[in-house]
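Data first, discussion second: the structure below is written as structure tokens.
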Amino acid sequence: MMRLILSFAVALLTAISVSAQSSLIEQEAENAAAQEFDNELRSPMVGPKLRAYIRAYMKSIAESLYREGYDIETMREGEVVIAVIPTDQLFAPNDTVLMPAAHGKLDHFKQYAQPDDRFKIVIAVHSDDTGSEEYLYDLTEHRTVAVLDYLESLGFNPDNIIGFPKGNSSPVAESTSRANRAKNRRLEIFIIPSQELLAQARQSNKK
């Protein structure tokens, strides 16, 4: 009897150790992904001599998207424009296939794909907290791939677009109502000046 108890204890401790190690690996992976996301949003950096040109250029994009009805935010003092689209307008509940109506929402961004890769596009897909973390991450991962594939079909250079599934890790509202959960289900499209646009700014400064 004692041997069975000791065997069970050893097995239990082993399971706990494996579980703890797995959790640590998952946490490290999440931290690495969060750091990569932050790095993508902060590069390329805009030098002091180019800031006026870039910020004015991006302001015109923000204003244009706002007039088209998109929710708009900015970061890096206006150097990066963020268009926010509720995923309820792109996907049916718990689905990962873009609805036909989503095309109209995404087609407008085709103008930023051409002609000279002036922008780097980073997308982040978020969910509410309805479901397990594993399920929600998997959902946003598949939705991220669907959006990336569609943007590539519009002519975006695959090297200039990157996606991050965020699950329910970054809510913008407390999950206390249906309306708040809807706010958390969103696609963020970050429009970031690329090296090509920075080169355009340098050329403009020489004139």
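The shortest side-chain heavy-atom distance between Ser170 and Arg186 falls under the 4.5 Å cut-off. Side-chain contact between Asn180 and Lys183 is present, with at least one heavy-atom pair separated by less than 4.5 Å. Taking 4.5 Å as the limit, some side-chain heavy atom of Asn168 sits within range of a side-chain heavy atom of Ser127. Side-chain contact check for Leu106 versus Ile85: some heavy-atom pair is nearer than 4.5 Å. Val147 is listed as a side-chain neighbour of Phe91, based on a closest heavy-atom distance under 4.5 Å. Side-chain atoms of Tyr53 and Arg202, non-hydrogen and from C-beta on, never get closer than 4.5 Å to each other. Annotation: side chain of Phe190 is not in contact with side chain of Glu40 (no heavy-atom distance under 4.5 Å). Contact of the Glu63 side chain with the Arg67 side chain is registered, since non-hydrogen atoms from C-beta on lie closer than 4.5 Å.
The CG atom of Asn157 sits 11.5 Å away from atom CD1 of Ile121, with the distance rounded to the nearest 0.5 Å. Within the model, atoms CD1 of Ile82 and CZ of Arg76 stand 10.5 Å from one another, a figure rounded to the nearest 0.5 Å. Put simply, CD1 on Ile192 and CG on Leu197 are 12.0 Å apart, with the number rounded to the nearest 0.5 Å. Separating the OG1 atom in Thr130 from the CG atom in Leu136 is a distance of 7.5 Å, to the nearest 0.5 Å. Of the inter-residue distances, the one linking Arg118 atom CZ with Asn160 atom CG reads 12.0 Å to the nearest 0.5 angstrom. Taken from CD in Glu174 to CG in Asn184, the straight-line distance is 10.0 Å, to the nearest 0.5 Å.
Each of Arg181, Arg185, Arg143 was checked for a salt bridge (Lys or Arg N to Asp or Glu O under 4.0 Å) with Asp88, and the lone residue meeting it is Arg185. For the side chain to side chain contact (heavy atoms under 4.5 Å, CB included) criterion with Met58, the lone passing option out of Thr74, Val80, Val81, Val46 is Val81.
In the hydrophobic clustering of ILVMFWY residues, with side-chain heavy atoms under 4.5 Å counting as a link, Leu41 and Leu65 come out apart. Under the 4.5 Å side-chain heavy-atom criterion for Ile, Leu, Val, Met, Phe, Trp and Tyr, Tyr57 and Met75 are members of distinct hydrophobic clusters. Following chains of ILVMFWY side-chain contacts shorter than 4.5 Å, one can reach Tyr66 starting from Ile189, so the two form part of one hydrophobic cluster.
For the residue pair Gln35 / Asn39, a side-chain donor-acceptor distance below 3.5 Å is found, with atom types taken as modelled. Between the side chains of Ser132 and Glu134, no donor N or O sits under 3.5 Å from an acceptor N or O. A donor-acceptor contact under 3.5 angstrom links the side chains of Tyr135 and Asn94, judged on distance only.
Between the side chain of His142 and the backbone N or O of Asp138, at least one donor-acceptor pair lies under 3.5 Å. Not one N or O on the side chain of Ser204 forms a donor-acceptor pair closer than 3.5 Å with the backbone of Ala201. Put simply, the side chain of Thr140 never gets that close to the backbone of Pro165: no donor and acceptor are under 3.5 Å apart. A donor-acceptor pair under 3.5 Å links the side-chain atoms of Lys120 to the main chain of Ser43, judged by distance alone.
Heavy atoms of other residues, nucleotides or ligands lying less than 6.0 angstrom from CD of Glu133 number 12 at most.
Between Phe37 and Phe164, the two ring planes are perpendicular [angle over 60°; tilted spans 30° to 60°].
In this structure, the ring of Tyr70 has its center less than 6.0 angstrom from the ring center of Phe109.
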Open item on the list: Could you walk me through whether Leu151 and Ile123 satisfy the side-chain contact (heavy atoms from CB on, under 4.5 Å) test, starting with their C-alpha distance in whole Å, then the side-chain angles of each, then the deciding distance to 0.1 Å, before giving a yes or no?
Closed with: CA-CA 10 Å; Leu151 291 178; Ile123 71 166; 4.1 Å; yes
